[in-house]
Amino acid sequence: MLEDFIHEPRVAYFSMEIALRNDIPTYSGGLGVLAGDTLRSAADLELPMVAVTLVSRMGYFRQQLDGQGHQLEAPDPWDPASAASALDAMIAVVIDGRPVWIRGWLYIMTGYQNGRQPVILLDTDLDHNSSDDRQLTHYLYGGDISYRLKQEIVLGIGGVRLLQALGFNIRQYHMNEGHSALLAVELLRRFSFAKEDLRPGEPLYDMPRIREMCNFTTHTPVEAGQDRFPYPLLQRVLQDGIDMATLKHLAGDDDLNMTRLALNLSDFVNGVAKRHAELSRTLFPGYQVHAITNGVHPQTWVCPSFAALYDRFLHGWRHEPELLMRAECCIPDDDVLQAHVLAKQALIARVRALTSVELDPQLPILGFARRMTAYKRADLLFHDLERLAAIAQQQPLQIVLAGKAHPQDGGGKKMIEILHAAIRTLRGRITIAYLPNYDMEIALAMVSGADLWLNTPLRPLEASGTSGMKAAFNGVPSLSVLDGWWIEGCIEGITGWAIGSSTSESANGNDALSLYDKLEHVVLPLYYHNRSKWLMVMKGAISKNASFFNSHRMMRRYATEAYIR
Ligand SMILES: *Cc1c(COP(=O)(O)O)cnc(C)c1O
């Protein structure tokens, strides 16, 4: 099977996490889902790529919640043999002074036509390795900083070596976030000049050649979010003979900054939305940062009733999601409404099954689900409980929430407890459900079954955000802070609504007031009193946003602007 993939030169796409499919727990959130959608589009479009990631045998974690909203975490193991085939080649990287052996699993993603996309899952759980080293590819984002560094060595350095051992001919590398930037260190080694040929002061490595081969997508809008490792740790863990002066020149004097390393060794650098690219240019002066805005995979993020609708009225949308721009005039209102009613019923049934909460199909559902972490401000809607209750008394609404907090993110866990406290306080006045163990399947049920999709991050920390794009694919408008993709996607009253402005102070109080005002005076009155205008906004979300914010457009642009240059 591998033979099918090694004949033509390929683009190697490296990502710490990839959401291959819902029952394979090798992802934690948006970054992994984006990586999965990237490859699903690559498969649909039959782009010559190969992806590399960790096998993460113990998954991210399975979330359970007690009545108070305390998060309980259990390992979420999976068996790679159930979905992938073991590859023979084996290579080693030296970690802590001893060889750590790595083998790969071949997982194949299939497109809707004949496209097949190989994904190599790196695995250190081999008899040859010590029990500690066997665990290096067990837990996604688990362990301490040294575990993390070792994982990134396996991913970056191990990944490049294994691709070579498998016989792949790689013409371009693409780093999805800085986690895989050590791949560039392996390329330094590969493209170093013979010492005896060098005169003093001449470069040791063929940097232009490496830069020509490397592409980097940054996802972090603040310095604090970037992966960094102290040099003493690096030197202890990775004694690999790379010239330290060169490394510090590339990755920063104080710490090894993975973002800097990736920036300095990539000719093509991309931010994930226009605003994020601008921000990255000020964060990293002197670098050219492109702006190919993220998108989501059409077929994956359309619920069955809308897929049937598009098949009927906009044949070919799976390959050319641009066709969705015709939704406005080519799909009758009643059919859109009927498709939404079915999606809403499905969500209501799922909420009942998971939580025993009974939602009313006649009342609007607000959806909010994402990684629970402070900057996403899941609690903004609950900033003033009495105000929210007063709004709901006049114009009833219901809320469905979901999201996991990283096991070491105390602030994120606190957030889940705050939400549960709000649920209790509002009981009898607003029906609210919190679904446990947020994953792709719950995400699809929520973004299609809700009536309104909410996003309330603290600007400018949401580099892109993608769940609102998924909602648009299902005719669900967004009510969102103007950050990330929504700065490009929001046409007020046409595709959804903005909370605050893109320039005003992003303080909790201001944004909460703006959120309540919009809900009370604009969104809910439209929902209750102007069905045809509401349907126009639903169709606006499809025709103006789903037609654009999809991963087919994103990948066609990466192909023409980054991979072929
Ligand atoms: C889409 C998705 C995300 C990312 O959503 P954001 O809006 O970018 O926060 C996270 N987790 C899952 C399971 C998703 O499907």
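Both counts, for ligands and for their atoms, begin at 1 and track the order of listing.
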Notebook entry, point to check: Which protein heavy atom lies closest to atom 4 (C) of ligand 1, and at what distance to 0.1 Å?
Noted result: Gly30 CA, 3.4 Å
Check: Name the one of Glu17, His406, Gln151 that satisfies side chain to side chain donor-acceptor pair (under 3.5 Å) with Tyr141?
Finding: Glu17
Item checked: Atoms in ligand 1 with a heavy atom of Trp301 nearer than 4.0 Å -> 15 (O)
Notebook entry, point to check: How about His219 and His276: are their ring centres within less than 6.0 Å of each other?
Noted result: no
Notebook entry, point to check: Just by modelled atom types, is the Val336 backbone N or O under 3.5 Å from a matching donor or acceptor in the His340 side chain?
Noted result: no
Check: Quick one: nearest non-hydrogen protein atom to atom 11 (N) of ligand 1, plus distance?
Finding: Tyr438 CE2, 3.4 Å
Check: Purely on distance, is any nitrogen or oxygen of Lys376 under 3.5 Å from one on ligand 1?
Finding: yes
Checklist line | Thr466, portion touching ligand 1 at heavy-atom distance under 4.0 Å | finding: both
Notebook entry, point to check: For Ser467 and ligand 1, does the shortest N/O to N/O distance drop below 3.5 Å?
Noted result: yes
Check: Within the structure, does Lys470 bring an N/O atom to less than 3.5 angstrom of an N/O atom in ligand 1?
Finding: yes
Margin query: Closer than 4.0 Å to some heavy atom of Ala443 - which atoms of ligand 1 meet that?
Written below: 15 (O)
Check: Can you tell me how far the NE2 atom of His70 sits from the NZ atom of Lys414, to the nearest 0.5 Å?
Finding: 9.0 Å
Notebook entry, point to check: Testing Tyr558, Phe216, Phe14, Phe268 for ring pair (Phe, Tyr, Trp, His ring centres under 6.0 Å) with His174, which one passes?
Noted result: Tyr558
Margin query: In the structure I gave you, are the side-chain heavy atoms of Leu381 and Phe368 within less than 4.5 Å of one another anywhere?
Written below: no
Note to self: Pairs of nitrogen or oxygen atoms closer than 3.5 Å, one from Asp439 and one from ligand 1: do any exist?
What the structure shows: no
Margin query: Need the ligand 1 atom indices (1-based, order shown) with element for anything under 4.0 Å from a heavy-atom of Gly465.
Written below: 8 (O)
Next item on the list: Tell me whether the guanidinium CZ or amine NZ of Arg553 lies under 6.0 angstrom from the six-membered ring centre of Phe548 and within 45° of its axis.
Entry: yes
